[in-house]
Engineer: 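Before I ask anything, here is the structure I am working with.
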Amino acid sequence: MDTFDVIFTTYSPLVFRYLRSLCGDAAVAEELTAETFYRAYTHFDSFRGDSKLETWLCAIAKNAYLKDCRRSARTVGADALETLPAETDFVERFLDREQAQQIYRHVHELGAQYKEVFLLRTLGELSFRDIADIFGKSESWAKVTYFRAKNKIIERMEGST
């Protein structure tokens with residue numbers, strides 16, 4: 001195996017989970033994962049090593065996702081939220097379609113980092129360690145950011161009822 005095959009084998013599951021957390025669609029995430037690794041392969045000489053390789057790959061993935069969104073105006077629907085595995089009592093609230101739409105609106109009102117960490121944890125099912133690695137931060141930072149985002153959503157939900 002050459003170096004890039006090892007990189008693909010090692011990091012493609014992480015990139016796929018990250019993209020799935022962003023778009024909520026496994027087929028789209030698979031397509032964008034392939035595009036991400038194509039871009040990484042063609043621009044591998046530009047990787048300076050200033051960050052972890054997985055962080056660089058996730059940045060490429062995020063840019064591929066944003067480009068895809070602009071190109072097709074694709075958005076995550078409430079139906080994608082309904083298929084979430086229940087991690088906590090809070091996530092179980094996604095089962096009600098009306099509440100799912102309300103929660104989704106509140107998620108998109110969050111700041112960028114809060115929103116991204118929340119979606120990576122709930123939709124992407126990533127561990128706090130994986131989230132921390134993507135952002136180049138500590139595991140504690142990922143936990144605090146997730147719980148703050150969750151609490152902001154809960155506060156907004158309680159305020160709108």
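The model shown is predicted, which means the values in this text are computed figures rather than measured ones. Values reported hereafter were calculated over all heavy atoms of this structure, with side chains retained and with hydrogens, waters and symmetry mates removed.
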Engineer: Please report the interatomic distance NZ(K143) to OG(S138), rounded to the nearest 0.5 Å.
Structural biologist: 9.5 Å

Engineer: Working to the nearest 0.5 Å, report the span between NZ of K152 and NE2 of H106.
Structural biologist: 13.5 Å

Engineer: What pairs with E54 under salt bridge (charged side-chain N to carboxylate O under 4.0 Å, His left out), at least two apart in sequence or on another chain?
Structural biologist: none

Engineer: Should we count CZ of R148 as having more than 12 external heavy atoms under 6.0 Å?
Structural biologist: no

Engineer: Please identify each residue that fulfils salt bridge (charged side-chain N to carboxylate O under 4.0 Å, His left out) with D133, with sequence neighbours left out.
Structural biologist: K52, R129

Engineer: Going by atom types only, do Y18 and E116 share a side-chain donor-acceptor pair under 3.5 Å?
Structural biologist: yes

Engineer: With a 6.0 Å cut-off (strictly less than), is the heavy-atom count around CD of E30, excluding the residue itself, greater than 12?
Structural biologist: no

Engineer: Are side-chain heavy atoms of I60 and V15 found at a separation under 4.5 Å?
Structural biologist: no

Engineer: Which atoms form the tightest heavy-atom contact between A64 and L32, and what is the distance?
Structural biologist: O-CD2, 3.8 Å

Engineer: Would you confirm whether N151, through its side chain, and F147, through its main-chain N or O, come within 3.5 Å as a donor-acceptor pair?
Structural biologist: yes

Engineer: Which residues satisfy the ring pair (Phe, Tyr, Trp, His ring centres under 6.0 Å) test with F135, sequence neighbours excluded?
Structural biologist: W141

Engineer: Search all heavy atoms of H43 against all heavy atoms of W56 and return the closest pair with its distance.
Structural biologist: O-CZ2, 3.7 Å

Engineer: Following the transitive rule for hydrophobic clusters with a side-chain heavy-atom cut-off under 4.5 Å over Ile, Leu, Val, Met, Phe, Trp and Tyr, establish whether F118 and V144 coincide in one cluster.
Structural biologist: no

Engineer: For K115, what residues pass the salt bridge (charged side-chain N to carboxylate O under 4.0 Å, His left out) criterion, not counting sequence neighbours?
Structural biologist: none

Engineer: Under the criterion side chain to side chain contact (heavy atoms under 4.5 Å, CB included), which of L14, T33, D25, V28 is the partner of L19?
Structural biologist: T33

Engineer: Atom OH of Y114 and atom OG1 of T145: how far apart are they, to the nearest 0.5 Å?
Structural biologist: 6.0 Å

Engineer: Test side-chain contact (heavy atoms from CB on, under 4.5 Å) on I131 and Y146 and set out the steps.
Structural biologist: CA-CA 10 Å; I131 294 168; Y146 170 76; over 6 Å; no

Engineer: For a quick test of reading the model, state the closest non-hydrogen atom pair linking A132 to A142 and the distance between them.
Structural biologist: N-CB, 4.0 Å

Engineer: Show your reasoning for whether side-chain contact (heavy atoms from CB on, under 4.5 Å) applies to V107 and L119.
Structural biologist: CA-CA 8 Å; V107 166; L119 292 174; 4.0 Å; yes

Engineer: If you count heavy atoms of other groups shown closer than 6.0 angstrom to OH of Y38, is the number above 12?
Structural biologist: no

Engineer: Minimum heavy-atom separation for A26 and F16, please, with both atom names.
Structural biologist: O-CE1, 3.5 Å

Engineer: Applying ring pair (Phe, Tyr, Trp, His ring centres under 6.0 Å), name anything that partners F8, two or more places apart in sequence or on another chain.
Structural biologist: F37

Engineer: List in chain and number order the residues that pass salt bridge (charged side-chain N to carboxylate O under 4.0 Å, His left out) with E109, two or more places apart in sequence or in another chain; answer none if no residue qualifies.
Structural biologist: R156

Engineer: Verify side-chain contact (heavy atoms from CB on, under 4.5 Å) between D130 and L120, making sure each step is shown before the conclusion.
Structural biologist: CA-CA 9 Å; D130 289 340; L120 287 171; over 6 Å; no

Engineer: In Å and rounded to the nearest 0.5 Å, what is the CG to CZ distance from L57 to R39?
Structural biologist: 12.5 Å

